[in-house]
Amino acid sequence: MSNIRHALSVKREDDFAAWYQAVVSEADLAEESGVRGCMVIKPWGYGIWERIQRLMDDRIKATGHENCYFPIFIPLSNFEREADHVEGFAKEMAVVTHHRLIADNDGKLIPDPEAKLEEPLVVRPTSETIIGDAMSRWVQSWRDLPLLTNQWANVVRWEMRTRMFLRTSEFLWQEGHTAHADAAEAKEHTKRMLEVYRACAEDDLAMPVIAGEKPENERFPGAVETWSIEAMMQDGKALQAGTSHYLGTNFAEASNIRYQDKDGGQQLCHTTSWGVSTRLIGGVIMTHGDDDGLRVPPAIAPWQVVILPMLRDKPEDEALLAYCEELRAGIAGKSALGEKVRVLLDKKPGKAAAKRWDWVRKGAPVIIEVGGRDMDNGCVSWIRRNELHRPDGKLNSLVTSRDSMIDGIAAELERTQNELFKEAEDRREANITRGIGSMDALTAFYTENTKFPGWVEVQWSKPTGDALEKVVEQLKALKLTIRNVPVDADPVDGNCIFTGEPAVERIFVAKAY
RNA sequence: CGGGGAGUGGCGCAGCCUGGUAGCGCAUCUGUUUUGGGAACAGAGGGUCGCAGGUUCGAAUCCUGUCUCCCCGACCA
């Protein structure tokens, strides 16, 4: 294995955090902006986001939602209507207080004291309150329900410690907001959207997730129930990849979202909200990345196939380009994963070998190199990003006729998509430990397995309030958190490892991002 | 927000302690020779050292403040 020459200088095994940053930079996904916690998303990274947006948006629309857009600024008085919500977000808000700049005595621009806003505006950290405001106007009758909306937007949370894609001060996301006539319908919808997230994560991002309910202490501020999908990263930590909240009537009361029922009475709506963000890209990196860079699942790859002609700056180049163009057109005419294949003929000047490694680091699923020798034989040389190296360490370069490359591309991409999922799922299953029956055993487990502990599934009695706080404190000492209560777990058959009382459900415990 | 480290051409760094107006590698550009596992050689362009003050005849270097990034912690829907 040591004779493989990898494209990255840092290996996952040696320093996972440094490796992560290397992938972000080497795969040309994003870069620092100079503004605290904010990143510039580069074309390849944004292209992946656009793919995720497209696929997620289709799923959201298929479940009956319509997109809207609400303002980035929320009046302070509007934001402070829901007490728990305020408490949860108050310490990480960006606030606009002035609307004009003037030069001071030194010629430096400062906010004009004369231009102070009567009421400060907060930059949205999430939009429950301002959308609630709109809902209170839009919903009058039971006939207006359910109200199913969604918006794609940026939000700002003034985080203390940021990491590219995983936790940035500003991030891009989708936030769905719905209003329903009763609790049962709203709760059902909360789970329906969780299922949409699970399907998108698994089928589109090839990222296996555990869907489940968050414990009380991890709820969204103002929520009655919070559900999540949790993915295991390659260092064994958990990443919360999406959340769906049943908000009860909390925000309906705060924003006065009411409807007149069939009997003429006034009823409060039950609302939900749910979101996924650019954090998903961080999840893709840490699920599929390897020591040669990123591997992008074909469903979300901006380019699924990249063709690199071996140009020589000679007259023969013309014939080679024509040969490659026929290849490109042939592949572009095929469909895979339900869409036309996205194929790029990369004519950018430069050596094919150097460009190949650029695309390896970016993680294009299929990279085809075509030289004069291939053209003469009616062939192409190509590599599968998933199987880059042979066991002997050599680059796993394959040669195929051009026609069979074209005919086989759809199957190749679909196979890659499935392999990435399978690999991640196998890794996750291999790193979930079950059957730990006591807090002592849990402590021992995490003390012994510091390098790659993975997740542990335990049974608990679902304590609440102070009793839950105690459990949280115990776990915190081990740097662990409760991830969620999986929806489709086996029935319980023992006692709670924290309280000793009869267990009522299974939970996942893990270190988390 | 607490502790630690760091900001010097596009990237990675040296120089700083013992002030005297910048240097290396990679990348870039041009030319030549090359070419199927990340080309070689030659030449060239590009920075006033994060930013703002201060000390000094003189500051990348010393002092103060500030911003940003990285690591650890606290926090984290």
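Remember, predicted model here, so these are calculated numbers, not experimental data.
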Could you check whether [X] pairs with [Y] (Lys NZ or Arg NE/NH1/NH2 to Asp/Glu carboxylate O, under 4.0 Å)?
X	Y	value
A/Lys191	A/Glu195	no
A/Asp235	A/Lys511	no
A/Lys11	A/Asp291	no
A/Asp204	A/Arg59	yes

Spacing between [X] atom [atom1] and [N] atom [atom2], to the nearest angstrom:
X	N	atom1	atom2	result
A/Glu31	B/G10	CD	C1'	10 Å
A/Leu311	B/U34	CG	P	18 Å
A/Asp317	B/U35	CG	P	15 Å
A/Trp357	B/G36	CH2	P	15 Å
A/Glu316	B/G36	CD	P	15 Å
A/Met164	B/C69	CE	C1'	10 Å
A/Arg36	B/C51	CZ	C1'	17 Å
A/Leu388	B/G38	CG	P	14 Å

Interatomic distance at [atom1], [N] relative to [M], whole Å:
N	M	atom1	result
B/C41	B/U18	P	41 Å
B/U64	B/C69	P	23 Å
B/G50	B/U61	C1'	16 Å
B/G9	B/C51	P	10 Å
B/G19	B/C71	C1'	32 Å

Does the side chain of A/Thr481 pick up a donor-acceptor pair with the side chain of A/Arg483 at under 3.5 Å?
-> yes
Determine the contact category for A/Thr126: base if any of its heavy atoms lies under 4.0 Å from a base atom, sugar-phosphate if only primed atoms, P, OP1 or OP2 are that close, otherwise nothing.
-> nothing
Determine the contact category for A/Ala223: base if any of its heavy atoms lies under 4.0 Å from a base atom, sugar-phosphate if only primed atoms, P, OP1 or OP2 are that close, otherwise nothing.
-> nothing
Just by modelled atom types, is the A/Ala153 backbone N or O under 3.5 Å from a matching donor or acceptor in the A/Gln151 side chain?
-> no
Atom pairs, N/O to N/O, protein against nucleotides 71-77 of chain B, distance under 3.5 Å?
from	atom 1	to	atom 2	distance (Å)
B/C71	OP1	A/Gln21	NE2	3.4
B/C72	OP2	A/Arg161	NH2	2.2
B/G73	OP1	A/Lys479	NZ	2.3
B/C75	OP1	A/Lys476	NZ	2.8
B/C75	OP2	A/Lys476	NZ	3.1
B/C76	O2	A/Arg167	NE	2.9
B/C76	O2	A/Arg167	NH1	3.1
B/C76	O2	A/Arg167	NH2	2.3
B/A77	O3'	A/Phe220	N	2.8
B/A77	N9	A/Arg157	NH1	2.7
B/A77	N7	A/Arg157	NH1	2.1

State whether the distance check finds a donor on one side and an acceptor on the other, under 3.5 Å, for side chain A/Asp358 versus base B/G38.
->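 Under the 3.5 Å cut-off, the side chain and the base do not form any donor-acceptor pair.
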Has the side chain of A/Arg356 got a donor or acceptor that lies under 3.5 Å from a partner of the other kind on the base of B/G38?
->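 No, the side chain and the base share no sub-3.5 Å donor-acceptor pair.
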Where RNA chain B forms stems, i.e. three or more consecutive Watson-Crick or G-U pairs with both distances under 3.5 Å | B:1-7 with B:67-73, B:10-13 with B:23-26, B:28-33 with B:39-44, B:50-54 with B:62-66
A/Lys351 side chain near B/U35 phosphate (N/O to OP1/OP2, under 4.0 Å) = no
